[in-house]
Amino acid sequence: MRVKTSITLSEETLRALDRVAGPAARSPLIERAIKEFLERHYRAARDARDRALLDLSADALNDEMADALAVQDEP
């Protein structure tokens, strides 16, 4: 379902938008831009959560790797 909404843009932004898409194609271009922005936002949030989880385990993982490397160095 599509819902009509109203946004306020600067004249400069609107002219640039019309140069790229044309007045008849504003909505699809704006919708695509918003979807791309949201995808980047959600990806960045997911990556931040993943980094936080890795950071919580980093010391233990580093200790485990050091032990594994030490075993490989033994004759």
Which pairs of donor and acceptor atoms, one on a side chain in residues 15-27, lie under 3.5 Å apart (sequence neighbours left out)?
unit_1: Asp18; atom_1: OD1; unit_2: Arg26; atom_2: NE; d: 2.7
unit_1: Asp18; atom_1: OD1; unit_2: Arg26; atom_2: NH2; d: 3.4
unit_1: Asp18; atom_1: OD2; unit_2: Arg26; atom_2: NH2; d: 2.8

Under the side-chain contact (heavy atoms from CB on, under 4.5 Å) test, residues paired with Thr8 that sit two or more places apart: none
Which side-chain N or O atoms in residues 43-54 pair as donor and acceptor under 3.5 Å with protein atoms at least two apart or in another chain?
none

Separation of Ile34 CD1 from Ile7 CD1 (nearest 0.5 Å): 6.5 Å
Residues that Ser57 engages under side-chain contact (heavy atoms from CB on, under 4.5 Å), provided they are two or more places apart: Leu61
Residues clustered with Met1, ILVMFWY side-chain links under 4.5 angstrom: Val3
Residue list, salt bridge (Lys or Arg N to Asp or Glu O under 4.0 Å) with Glu31, at least two apart or on another chain: Arg2, Lys35
